[in-house]
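First the structure, which I've put down as structure tokens, then a few questions once you've had a look.
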Number of protein chains: 2
Amino acid sequence: MRENTTLKKIAEQLSISISTVSRALKDHPDISPETKRKVNELSELLEYDPNPYAINLRTHSSKEFAVVVPSLSNFFYHSFISAIEEEARDLSYSVIIYRSSNDPKIEQQILKSCRHKRVSGIFIAITSETTDIEPFLKLDTHGIPVIFFDKVPQYESCNKICVGDEHAASIAANEIFKKGISNVIGIFGDKNMSITQARLKKFNEVLFKDDKEMNLKMVHAKSSDEAEQLTLSLIPDFIGKKFAIFCMSDEILAGTMKAIQRLGLKMPNDLGVIGISDGMIPKLFYPEITYAETSGYNLGKLAFSRMMRCIAGSSFAQTIIDESKLVQGGSI
Amino acid sequence: MRENTTLKKIAEQLSISISTVSRALKDHPDISPETKRKVNELSELLEYDPNPYAINLRTHSSKEFAVVVPSLSNFFYHSFISAIEEEARDLSYSVIIYRSSNDPKIEQQILKSCRHKRVSGIFIAITSETTDIEPFLKLDTHGIPVIFFDKVPQYESCNKICVGDEHAASIAANEIFKKGISNVIGIFGDKNMSITQARLKKFNEVLFKDDKEMNLKMVHAKSSDEAEQLTLSLIPDFIGKKFAIFCMSDEILAGTMKAIQRLGLKMPNDLGVIGISDGMIPKLFYPEITYAETSGYNLGKLAFSRMMRCIAGSSFAQTIIDESKLVQGGSI
DNA sequence: CTGAAAGCGCTTACAG
DNA sequence: CTGAAAGCGCTTACAG
């Protein structure tokens with residue numbers, strides 16, 4: 001096994017001191033051009049690369065960001081991470097991706113490891129079970145900025161970057177409204193989730209904004225399968241009427257679409273379908289599903305710029321909401 | 001910002017030496033029970049956690065594995081990573097996930113960073129553009145085992161863990177055969193990919209194993225859209241016959257399914273569909289698509305045990321092929 | 001312009 | 001059973 005090149009080795013070969021080599025390599029003004037040239041040449045030759053552990057031990061900084069998500073099998077998080085990585089690369093930070101598996105215990109371990117590694121900052125979508133946010137606040141105390149995204153705590157005074165749940169729901173509701181559809185099934189997620197509450201409330205509100213008569217049936221599904229069953233049981237009452245189904249999330253949309261295929265119904269004639277999505281699932285069907293887009297990519301860009309402001313010293317906590325836009329498929 | 005607890009701080013408070021604290025903490029037999037008790041107590045109280053940078057600098061070991069994949073938006077990789085993380089956690093290793101974005105340059109950067117970090121080992125699915133595998137072999141020289149999985153280089157003498165392309169293709173072909181279907185459309189991926197070649201060859205071979213008459217049309221699609229277009233243009237010739245479509249991958253399946261929905265055809269009566277998949281996409285349709293399963297999870301378990309054997313000193317390079325199994329949907 | 005020295009937080013061979 | 005010391009590879013204030 002070949003030894004790694006160190007400053008010492010370069011210094012010895014050039015018969016100069018380690019300090020000089022170190023300075024030459026970082027283009028310190030004190031060092032003569034001639035020395036710099038020699039040092040750079042040799043370090044190229046020997047493929048010198050500084051030992052990050054030594055640097056960190058010395059400087060207490062890692063130039064690393066951590067992104068923590070409950071799950072990776074999620075297009076939304078995937079595009080969020082892409083955005084972070086793009087930005088990070090430009091500033092020669094690296095990005096470590098952690099997966100909490102939606103388990104608060106694992107989340108705590110990850111957090112601890114982030115602290116020990118003295119990462120420069122953390123982007124995190126918390127688990128649905130996370131109750132104690134004390135450890136997150138403590139990291140801020142330790143000088144490690146924490147930016148919450150997507151799944152964020154209730155607690156007020158922290159940095160949060162969220163999808164505009166209300167906005168997305170209102171876009172979807174408006175589209176239904178504009179199509180003159182007055183029979184609507186709304187399938188929402190777990191009652192206890194804050195995004196369910198936000199989306200439901202706004203959806204309802206917009207749909208009833210005029211005093212137009214509306215026949216709205218709202219239900220909750222905790223899984224794709226449940227959404228499928230609910231859709232199957234609800235549709236019969238709507239057959240023959242002009243109606244639409246709103247799916248609050250990709251998971252629900254997947255279940256609903258299975259039911260629709262099972263019943264052999266065609267969009268947009270037999271019924272309309274509209275969702276809120278990051279855009280992968282809706283594109284698997286024909287016609288493609290119309291949806292209000294929640295973009296992980298946008299969210300990532302917003303989160304990153306917030307992070308850089310924190311690193312620059314801003315201690316002001318802020319909640320940023322990303323707006324969504326309607327993406328037309330042919331399903332409604 | 002609160003300072004981190006160090007060995008020194010504990011030693012001072014207890015008026016003993018740093019060495020003793022260090023030893024007590026790792027339950028060294030030399031140290032008296034009494035001292036151990038005191039040290040452990042105080043370190044609990046002060047929430048002592050060793051500085052990983054210092055340890056690494058000293059011991060040259062990181063207890064960290066790297067997993068490098070071209071993309072995260074891929075259920076297969078996701079389940080591979082899950083398997084690795086499970087195993088790693090048991091041995092208190094941590095796992096860093098890197099994404100090469102299918103760019104060999106980024107892949108090289110990641111590799112370099114793995115080397116500097118002296119990760120304990122690397123699991124990697126290389127990019128489709130990766131030609132130079134020299135740097136990977138060099139890592140082995142540096143004592144960092146590299147296990148290739150899924151997308152592996154041609155080069156013989158390295159550790160590779162692969163999906164059984166031939167086996168999966170033969171399972172799918174056999175199922176078509178067993179159903180007595182003799183008109184078949186086979187949609188394959190990019191001609192240049194080794195998995196395309198392996199799958200195509202075996203599929204063809206099994207389908208023609210008896211001398212039964214077979215009407216097989218094989219085409220290549222580079223994208224989901226292309227698969228959709230091909231399906232649309234090929235189906236008319238098969239309508240009325242008893243026929244099936246084989247989709248080599250999820251990407252192709254997604255395109256083909258869009259075409260089928262567009263034409264309003266029903267499985268399994270109008271046609272049969274069968275694929276090779278990790279199982280997420282097939283479950284989005286009704287009826288669910290029958291597929292030969294390539295399990296990222298299995299692959300991960302296999303890769304991990306291979307890794308541990310490498311770390312234990314095995315230098316013998318090995319190629320391991322994971323078998324697949326048929327998962328019945330109702331599509332054929 | 002260059003170098004010697006201290007120190008980041010740990011581990012471990014050596015000495016007692 | 002415990003401690004002093006060296007050293008992992010770097011950076012940087014200090015001195016010249």
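Chain identifiers are assigned alphabetically (A, B, ...) following the order of the sequence lines, protein sequences preceding nucleic acid strands; residue numbering begins at 1 within each chain.
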Answer yes or no: does a side-chain N or O of B:T35 lie under 4.0 Å from OP1 or OP2 of D:dT2? yes
For A:K9 and D:dG9, give me the distance from atom NZ to atom C1', rounded to whole Å. 12 Å
Between P of C:dC10 and NE2 of B:H60, the distance in whole Å: 17 Å
For A:R118 and C:dG9, what is the distance between atoms CZ and P respectively, to the nearest whole Å? 6 Å
Atom CZ of A:R23 to atom P of D:dC14: distance rounded to whole Å? 13 Å
Does this structure show an ion pair linking B:E47 with A:K138, if we count only N-O contacts that are shorter than 4.0 Å? yes
Does the distance from a Lys or Arg side-chain N to an Asp or Glu carboxylate O, for A:E86 and A:K301, drop under 4.0 Å? yes
May I ask you to evaluate whether A:S19 reaches the phosphate of D:dT12, defined as a side-chain N or O under 4.0 Å from OP1 or OP2? no
From C:dC10, D:dG9, C:dA4, nucleotide with atom closest to B:L57 side chain: D:dG9
Residue closer to the 5' end of DNA chain D, B:S15 versus A:D49 (nearest nucleotide): B:S15
Does the side chain of B:T20 get closer than 4.0 angstrom to OP1 or OP2 of D:dT2 through an N or O atom? no
Please step through side chain to side chain donor-acceptor pair (under 3.5 Å) for the pair B:D278 and B:Y77, ending with a clear verdict. CA-CA 9 Å; B:D278 52 45; B:Y77 290 145; over 6 Å; no
Please report the distance, rounded to the nearest Å, between CD1 in A:I10 and P in C:dG3. 14 Å
Salt-bridge test for B:K117 and B:E64: reply yes if a basic N is under 4.0 Å from a carboxylate O, no otherwise. no
Any sub-3.5 Å donor-acceptor pair from B:N40's side-chain atoms to B:K36's backbone N or O? yes
I want to check one thing: is the phosphate of D:dT2, taken as OP1 and OP2, less than 4.0 Å away from some side-chain N or O of B:S32? yes
Say whether A:T20 and A:S17, considering side chains only, have a donor N or O and an acceptor N or O under 3.5 Å apart. yes
Rounded distance in Å between the C1' positions of C:dT12 and C:dG16: 16 Å
Are B:R37 and B:E34 close enough for a salt bridge, meaning some N to O gap below 4.0 Å? yes
Measure the distance from CD1 on A:I31 to P on C:dC1 and round it to the nearest whole Å. 9 Å
Please work out if A:K8 contacts a base, only the sugar-phosphate, or nothing of the nucleic acid, heavy-atom cut-off 4.0 Å. nothing
Distance in angstrom units between B:N56 CG and C:dG9 C1', rounded: 12 Å
Contact class for A:I18 (heavy atom, under 4.0 Å): base, sugar-phosphate, or nothing? base
Look at B:K105 together with B:E129 and state whether they make a salt bridge at an N to O cut-off of under 4.0 Å. no
May I ask you to verify if any side-chain N or O of B:Y48 is less than 4.0 angstrom from the OP1 or OP2 atom of C:dC10? yes
Would you write out the dot-bracket form of DNA chain C, 5' to 3', with Watson-Crick and G-U pairs under 3.5 Å, [ ] for crossing pairs, | for pairs to other strands and . for unpaired bases? |||.||||||||.|||
Touch class at under 4.0 angstrom, heavy-atom based, for B:T6 against every strand present: sugar-phosphate
Take atom NE2 of B:H28 and atom C1' of D:dC1, then tell me their distance rounded to the nearest Å. 10 Å
